[in-house]
Amino acid sequence: MKVAYFLGALNMGGAEAIVRDICKVHNITPYTPICLYRKEGNLSDAIHNTGVQCVHVQHKNLFRYLYQLRRTTIQEKIDIVHSQTPSNTMLCALALVGMDVKMITTFHGHSFADAPWWQRKIVYRKSKQIICVSEYEKQYYEQKWHLPKDNKLVVVHNGVDFTKLDTPLNHESPITNHKSQINLCMVGNFQGGRSPMVVCQALNRLKEMTQSYNMQFYFIGKRVEAEPWRYDECVQYCEAHKLANVHFLGGRNDVPELLHQMDGFVYSTEHDTFGIAVVEAMAAGLPVIVNDWGVMKEITKNGQWATLFETGNVVDCANKIEDLLNNLEVRKEEAQEIAKQVRKEYSIEKHIERLDDIYRLVVRG
């Protein structure tokens with residue numbers, strides 16, 4: 001069975017990271033993966049170097065592009081096209097008319113929820129299965145679109161190649177490490193839906209508390225060009241409130257290695273449909289504090305694997321950080337045990353096993 005993962009640009013994102021990790025372990029997949037993509041990007045080398053066959057399908061003319069996609073599918077004898085965006089599913093629906101090639105679509109976010117009715121209808125009808133990355137996301141689409149519970153929408157939690165978390169830092173780090181210093185961080189680009197300002201305000205409240213802590217906080221994430229104010233507001237707030245222990249590292253490609261230098265992880269969101277950054281932090285053995293956003297409760301087993309604070313509540317966030325600082329060694333010991341469970345639950349191997357079940361079911365028809 002040959003499965004084509006269909007991507008747009010090979011730039012770092014949730015969908016691209018999942019496909020990269022599947023390709024990295026392609027020797028253990030019970031099917032043959034192939035990667036189809038439209039544009040190169042900053043993940044091109046990483047995906048090409050996995051050894052999985054990659055086909056660059058491109059053409060400026062839409063009709064020629066559809067022809068190239070159809071010809072590639074025939075030449076490579078592809079059984080399933082697993083599209084990572086609804087827009088790519090629509091392209092496949094046009095290119096593969098009359099062919100017995102199964103289509104599967106993964107929803108990685110809420111972006112398709114408000115699409116025109118005719119686009120939703122095409123994607124829903126042409127996809128043999130629609131994969132949601134969490135129960136939270138599945139319920140969102142079922143309610144938003146008033147969908148029947150007909151098993152077309154299924155949940156497959158994202159998987160992570162956790163071997164990357166076991167690689168020590170082999171270059172100079174931007175993070176200072178002193179014996180008595182406590183390092184905390186938040187990982188995520190400064191974009192809509194994520195709420196790092198809540199964390200900034202919580203850190204300011206923590207500073208105003210009577211007890212002082214030798215703590216440094218690092219925001220790891222880039223300033224997004226489309227929404228630069230989200231980053232700028234956080235930087236200006238920290239400067240205005242003289243939070244000298246708060247640092248903005250920008251976008252980094254060595255996050256797994258930097259997690260080795262951290263003592264804890266704090267995260268705040270009002271958008272995520274899964275939360276790879278939170279999963280990686282838990283799997284790295286860090287005590288995690290995260291807001292009680294729907295999917296965060298799901299991936300942390302309703303707070304069994306992390307400390308939850310009320311979404312948007314600065315005081316609650318500050319109190320939870322203070323509690324972590326006061327009980328750090330105990331929390332770090334607990335986090336080591338949690339990491340073992342997280343690595344079993346969200347491994348890339350388990351993700352592939354679940355996908356294989358779906359692929360076989362779809363091929364059997």
Side-chain angles (χ1 to χ4, degrees), residues 1-20 22-23 26 31-133 141 144-145 147 152-153 225-226 355 358-359 362-363 365:
M1 178 170 56
K2 201 166 191 178
V3 179
Y5 291 97
F6 190 16
L7 294 167
L10 298 185
N11 286 315
M12 187 63 186
E16 294 76 15
I18 291 294
V19 172
R20 175 203 59 196
I22 290 173
C23 292
H26 70 273
Y31 52 87
T32 302
I34 177 174
C35 180
L36 308 181
Y37 66 98
R38 295 203 304 272
K39 296 180 181 179
E40 301 288 356
N42 55 27
L43 269 188
S44 292
D45 289 344
I47 293 178
H48 284 292
N49 291 339
T50 63
V52 167
Q53 182 183 3
C54 298
V55 180
H56 190 181
V57 183
Q58 62 171 337
H59 205 284
K60 293 182 179 180
N61 180 288
L62 175 61
F63 295 102
R64 290 289 298 171
Y65 177 82
L66 296 176
Y67 170 75
Q68 294 286 348
L69 180 57
R70 185 182 183 91
R71 188 178 70 171
T72 299
T73 304
I74 294 171
Q75 289 178 340
E76 299 300 332
K77 299 180 180 179
I78 292 169
D79 300 293
I80 295 173
V81 176
H82 187 165
S83 169
Q84 303 300 306
T85 65
S87 59
N88 281 343
T89 300
M90 294 184 65
L91 289 172
C92 287
L94 293 171
L96 307 182
V97 170
M99 293 179 59
D100 187 26
V101 177
K102 314 299 183 185
M103 284 184 277
I104 293 174
T105 307
T106 291
F107 288 173
H108 288 275
H110 291 156
S111 59
F112 193 61
D114 296 316
W117 67 268
W118 58 272
Q119 291 183 9
R120 301 200 306 266
K121 187 173 182 179
I122 291 173
V123 171
Y124 191 79
R125 288 187 61 186
K126 293 297 182 180
S127 301
K128 294 298 181 181
Q129 294 268 231
I130 293 175
I131 295 174
C132 298
V133 297
Y141 276 100
K144 180 81 173 180
W145 292 353
L147 294 176
K152 177 160 273 194
L153 268 66
E225 291 184 8
L355 287 181
I358 292 172
Y359 296 157
V362 165
V363 167

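Predicted model only: the values in this text are computed from it and were never measured.
Applying the ring-ring contact (aromatic ring centres under 6.0 Å, His included) test to Y31 and every residue at least two apart in sequence or in another chain returns Y359. T85 meets the side-chain contact (heavy atoms from CB on, under 4.5 Å) test with S83, S87, N88; sequence neighbours excluded.
Interatomic distance, CD1 of I47 versus CG of L10, reported as 4.5 Å (0.5 Å rounding). Of the inter-residue distances, the one linking I18 atom CD1 with Q84 atom CD reads 8.5 Å to the nearest 0.5 angstrom. In this structure, T106 OG1 and Q129 CD are separated by 10.5 Å, a value rounded to the nearest 0.5 Å. Going from atom OG1 of T32 over to atom NZ of K2 covers 7.0 Å, rounded to the nearest 0.5 Å. Considering NE2 of H82 and SG of C35, their distance stands at 12.0 Å, rounded to 0.5 Å. Note: N42 CG to E16 CD = 9.0 Å, rounded to the nearest 0.5 Å.
Between I131 and L355 there is a side-chain heavy-atom pair separated by less than 4.5 Å. Here the side chains of L153 and Y124 are in contact, with some heavy-atom distance below 4.5 Å. Side-chain atoms of L7 and V19, non-hydrogen and from C-beta on, do get closer than 4.5 Å to each other. Residues T89 and I104 form no side-chain contact, since every pair of their non-hydrogen atoms from C-beta on lies 4.5 Å or further apart. Counting only heavy atoms from C-beta outward, the side chains of V101 and I80 never approach each other to under 4.5 Å. You'll find the side chain of F107 reaches within 4.5 Å of the side chain of V123, heavy atoms only.
C92 and F6 make their closest contact through SG-CD2, 3.4 Å (heavy atoms, listed as atom of the first residue, atom of the second, distance).
Among residue pairs with one or both ends in residues 90-113, those qualifying as salt bridge (Lys or Arg N to Asp or Glu O under 4.0 Å) are D100-K102; sequence neighbours excluded. Here side-chain hydrogen bond (donor to acceptor under 3.5 Å, both in side chains) pairs that include residues 55-66, with residues two or more places apart or in two chains, number zero. Judged as a salt bridge (Lys or Arg N to Asp or Glu O under 4.0 Å), not a single pair has a partner in residues 38-52 (not counting sequence neighbours). Listed by first and then second residue, the side-chain hydrogen bond (donor to acceptor under 3.5 Å, both in side chains) pairs that reach into residues 113-122 are D114-K144, sequence neighbours excluded.
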